[in-house]
Novice: 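Structure provided below as structure tokens; questions to follow.
Chain naming here is simple, since letters A, B, ... match the order of the sequence lines and numbering starts at 1 in each. Atom set for the values below is all heavy atoms of this structure, side chains included, hydrogens, waters and symmetry mates excluded.
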Amino acid sequence: MTTRLSIGNLGVRYRRDGQGVEALKHVDLDMEAGKCLAVIGESGSGKSTLALAIAGLLPAGTKFDGSIAWPGLGHAPLNGRDIGFVFQDPSASLNPVLPVGEQVAEVARTHLALTWREAFGLATDLLGRVRLPDPEAVARAYPHQLSGGQKQRVAIAAAIAARPSLLIADEATSALDTIVQAEIVALIGRLVTEDSMSLLFISHDIALAAQLADRIAVFRHGRLLEIGETGELLRSPAHSYTRSLIEASFGPAAEERG
Amino acid sequence: MNRALRLIRRRLIGSIAVLLIVITGTFLLLEAAPGDAVDAYVVSVGGDASMIEELRRRWGLDQSAATRFAVYISSLARLDLGHSVAFSRPNLDVILERLPDTLLLMGSATALSFCLGTFLGIVAGSRPGSFRDRFLSIGSLALYAVPGFWLGLVLIVIFSVQLRWLQLGGIETIASGKTGAPRALDIARHLVLPVASLGFIYLALYLRMMRVGMAEVWRMDFVLAARARGIGRRRIVLRHVARNALLPLVTMLGLQSAAMLGGSVVIESVFSVPGLGRLAQEAVAARDTPLLLGIILVSAVLVIAVNLAVDLLYAGLDPRVGSSGEAA
Amino acid sequence: MSEPLLAVSGLSKHYRRAGRTITALDGVSFQVNRAETFALVGPSGSGKSTVARLLLRLADADAGSIHFEGQDLMALRGEKLRAMRPRLQMVFQDPRSAFNPRATVGRVLDDPLRIHGLAGRDERPRAVETLLERVGLSPALTLRAIHEISGGQRQRVAIARAIATKPSLIVLDEALSALDVSVRADILDLLVSLQLDEGISYLFISHDLGVVARVAHRVAVMDAGAIAETGEARQIIAAPSSPIGKALVAAMPSLAQPVSKEAE
Amino acid sequence: MIALRRFLRTPEAVAGALILAALLAMALSAPWFFPRDPQSIAGPALLRPFQDWTLPLGTDRLGRDVMAGLFHGARASLAVGLAAAAGAILIGAVVGTLAGFAGGLLDEILMRITDAFQTVPGFLLALAFVSVAGPSLATVIVAITLGAWTGPARIARAEVLSIRERDYVAGARVIGMHPLEIAFREILPNALPPVLALSSVIVAAAILTEAALSFLGLGDPNRVTWGGMIAEGRAVLRSAPYLSIIPGVALVLTVLGVYLAGEGLVETSATRRMNA
């Protein structure tokens, strides 16, 4: 099993209102190639900071120590080329005045040395791959003409356009309602398998994450609380906090059904 | 282009209402001013007391205010803006004669201020907080505080009195006999200073709006998303940030057309450009209220037309305009 | 049980947008009994929030009737409507936007008491403190600004405001979905204990069948402005009959099926 | 106090405040330093600046004291700027909130009237108003107000419309709050700050419009104004450009001061809101 990503003793501090806020403390984490790691946490747990730190997108002035290493990559990771990133709010992550086809195509053009014509062709293929009906028409549409779930499919197409080896989904389904949410989770699962990407799935919902994850890491107050194989962690969590999350998410009704 | 047609139809209906209100306003000012249309006509054309009586009756000016208003509207509908005392000619003729110079001045000043302002705004806004951003920001604020007519005088002192580079007065050399390209060049030389004086304050405005707008767009999630997709900085600045920040400037372009027409009054009198603004000042000096109100009406129509054009431009730039959105 | 607390019948609502008519609700009927939790579940756009707005008379229905405590709710206006308000309360989804940004906790809770004369001027500060204690908050929060307290605390304040006037029905419009999972469980417990103590009924609106299953006695599944099926929560989860009900159940997380394949 | 300290932290705001303080001092002290009528002859004509220390900025074509004119002119600029801006914001806020609350036909009528005022160039309207009503300080103020109230009206309406739809207003209705209390306690206090943030731009525009009107000879003929002084100097622009340049510099500094102080205020309240 090769290691895709290795995080060592990572700490991140923001400055807010003249006060330092420690968003992450002493985080050690490895990601294996082709596997899915879910990062679970509530607001303030530092899970989104972790995603932004890996993609080098932390705001200017953020203090940062520890290491993020990419064994076997041979160069610093390029956003879009090596890392695909899907954000929480699909309405906010697409430029409102550009056709969505162009927003997928520009990723392909930037990283794959394609002409615009080739990039648009690839974009249309990708829109089909994320199961958008009539990809040619969708490529010409603007974000406001699509539903929330459709927009998130477009954002996913843009994220995988340059075939990155790591896909980060930061609360990628929590702005959607439950039915669409299940569809998007299934879509991400299929794409990750087909392209043999590693997946970092960040969520507040442990039940949702359990559907995809090989391993689950639980974060609280900026610290990694525990990490383990999905089945193991769900069956016998080491921390009472993890247990409360599991109970709150799955609920008695679901157990009864299973 | 169904969307554009719908937009035009809606705006035209609104414009008619607006125009009626403007007409009501000018009518009220006309009533408040001393003298009436017959006085004006008689002063310029001549006539005796019986003729004055006759004209008053014929033009319905001896009737109630409501009738006089109806008469006013119906004459406006026939494109009759009354008679100018000062020029002894129909107001509309005088106004249309002066309109082209003002359009040329305004068009040039708008083009200069919008293009240069947007460009410098992008230069400043592409790196928020950098030295060039702060420099352009403070510079534009200083420029924004300079009254155009005074800037005009200072430019005259520098370029005409001290350096003797540019000629002054009018829009072209009178009776030079030039045609074609030489004439265009002559007009351009005359226009440099007035256009600068009129346009610089708006240049500062557009620069500031662009800069502030870009600062706002930089903070939006889709810019972070574009960075996360590895899009090049140049493309992010131009295609994502500037493209979105441009939209409010286009709206401003329409709103500022009225202000610029007002500003051209002073600029045209500083540089003796024989345009609509200068005519307005002459009308005030000659106490020719009907002429002044005619200028106001023509300006209002002009502003409405410009705004209509700007709305269409905006609809072309922002795909969200006029669409019914997704079903809720 | 004699007469239901709330009887909604044939409720319809249309919006006009850009020359087109959009049907938000099309003939929705349901009843809520006393001391019962009744849930409306459906995907976004199914019309469940429109039901909440119509019930609270924040918008007017185009057709149908709403009878609450035996009164024809849609016939009430002005002073009479305000006099009924104490009986029917609401908790909003987003605890950040549900309060005036300039308000303090004390003012938010004082307002309903003052408006309806539920306590004398001198007694009100004490009454506000009692309310805070009822929802598990410290009375010391009275002077704090709303924006200074956490999301979970804010939602407790929203519940305190809702129970201040001793209502018989509270509409909870996605009242838990903006909260963290661990906070959610606490708020759910609070709601259940209030219901046991005071016999309050809840109309619980949510997109999440999993949450609904834990609180609701009865559930109506909504889709495209109409009710697709109604029944007991357990029964719907075990055997949904409508297509939307099946889709919602399929989307529920379950320990039994950790990895799902995309439905073709 | 904290707000004041935050305000003083930005150098631009401090510069703006200093300029405005100096201007205010000039306006208030004018009758004390220069008790004589500034339109009376004080010395030889066209005396250049810095020649005679009793007339530090020299004299104009008729031998009037430029320094005295500058001080007395500050009074007109400030008076007109502040009065017209106050009037414009007041009218705009009233019209905008009324339209936003009432909705329907009243909203439609008020907004079409606002459109009409925005369609007519404000300066032409002021010109027409002054020429019909006769030039005086009061008519100049009214004339400028007529062209300046539409901006605040639009913003006030937009704010009211957006706040009206927020959850907390629905919440106030749900607890049975009276509509008047909702309007004045829940909506207005939150709708006004963006309108007030416009005030520096409106004051500055009013000062510039007053100067332009005076420049065209439509100011109060019994008062010295900077615009009038610039126009006066224009006749001798080639030989004595300082006569036009000096009052213009005063004008530019004043407007700059208003902008800088205004931006400082907006930024102060913005940081306060962000920390909140």
Side-chain angles (χ1 to χ4, degrees), chain A residues 51-52 54-61 77-100 102-112 140-151 154-155 157-162 164 167-168 170 175, chain B residues 1-4 118 122 125-131 133 210 213-251 313-328:
Chain A
L52 294 174
I54 291 173
L57 292 173
L58 289 171
L78 268 174
N79 281 340
R81 181 73 192 86
D82 302 306
I83 308 171
F85 206 116
V86 184
F87 289 87
Q88 169 170 5
D89 185 352
S91 313
S93 65
L94 294 173
N95 185 337
V97 299
L98 294 188
V100 297
E102 180 178 339
Q103 301 190 54
V104 178
E106 67 176 358
V107 184
R109 191 180 139 75
T110 304
H111 299 293
L112 303 180
R140 283 190 301 271
Y142 290 93
H144 73 274
Q145 293 165 320
L146 304 177
S147 71
Q150 288 172 326
K151 272 181 273 202
V154 171
I160 62 167
L167 184 66
I168 301 178
D170 182 8
Chain B
M1 278 292 26
N2 198 5
R3 199 157 63 96
T118 308
I122 294 175
S126 59
R127 287 194 187 274
S130 64
F131 170 75
D133 179 32
M210 193 68 190
M214 284 181 74
E216 263 168 35
V217 179
W218 272 117
R219 285 195 291 269
M220 291 190 161
D221 283 346
F222 68 80
V223 175
L224 184 68
R227 283 174 55 206
R229 290 173 201 141
I231 308 301
R233 182 170 180 92
R234 195 185 157 79
R235 191 173 161 83
I236 289 185
V237 166
L238 293 178
R239 197 83 179 124
H240 292 277
V241 181
R243 176 71 173 72
N244 276 278
L246 188 66
L247 295 175
L249 266 76
V250 173
T251 314
L313 178 65
Y314 191 96
L317 285 175
D318 189 342
R320 289 163 293 185
V321 172
S323 78
S324 51
E326 59 182 276

Novice: For B:R239, is it the side chain, the backbone, both or neither that has a heavy atom under 4.5 Å from a heavy atom of chain A?
Specialist: both
Novice: Under 3.5 Å, side-chain donor or acceptor atoms of residues 241-249 of chain B against the rest of the protein: list the pairs with distances, not counting sequence neighbours.
Specialist:
unit_1 : atom_1 : unit_2 : atom_2 : d
B:R243 : NH1    : B:L317 : O      : 3.2
B:R243 : NH2    : B:L317 : O      : 2.8
B:N244 : ND2    : A:N95  : OD1    : 2.8
B:N244 : ND2    : B:H240 : O      : 2.9

Novice: Looking at chain B, which one of A:T110, A:V97, A:D89 has the largest number of heavy-atom pairs inside 4.5 Å, strictly under?
Specialist: A:V97
Novice: Closest approach of B:A228 and A:F85, non-hydrogen atoms and distance?
Specialist: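 Reported closest heavy-atom pair: CB-CB, 3.7 Å.
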Novice: Write out all pairs satisfying side-chain hydrogen bond (donor to acceptor under 3.5 Å, both in side chains) with one or both partners inside residues 213-232 of chain B, taking only residues at least two apart or from two chains.
Specialist: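 Output for this query is empty, none listed.
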Novice: Rounded to the nearest 0.5 Å, how far apart are CD1 of B:I236 and CD of A:E106?
Specialist: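 Going from CD1 on B:I236 over to CD on A:E106, the span is 8.0 Å.
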Novice: Under a 4.5 Å heavy-atom cut-off, does chain B meet the side chain of A:I83, its backbone, both or neither?
Specialist: backbone
Novice: Considering non-hydrogen atoms only, spot the tightest contact between B:R320 and A:P96 and give its length.
Specialist: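 Smallest heavy-atom distance, with atoms named: NH1-CB, 3.3 Å.
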Novice: Looking only at heavy atoms, which two atoms of B:P319 and A:H144 are closest? And how far apart?
Specialist: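 It is O-CE1, 3.3 Å.
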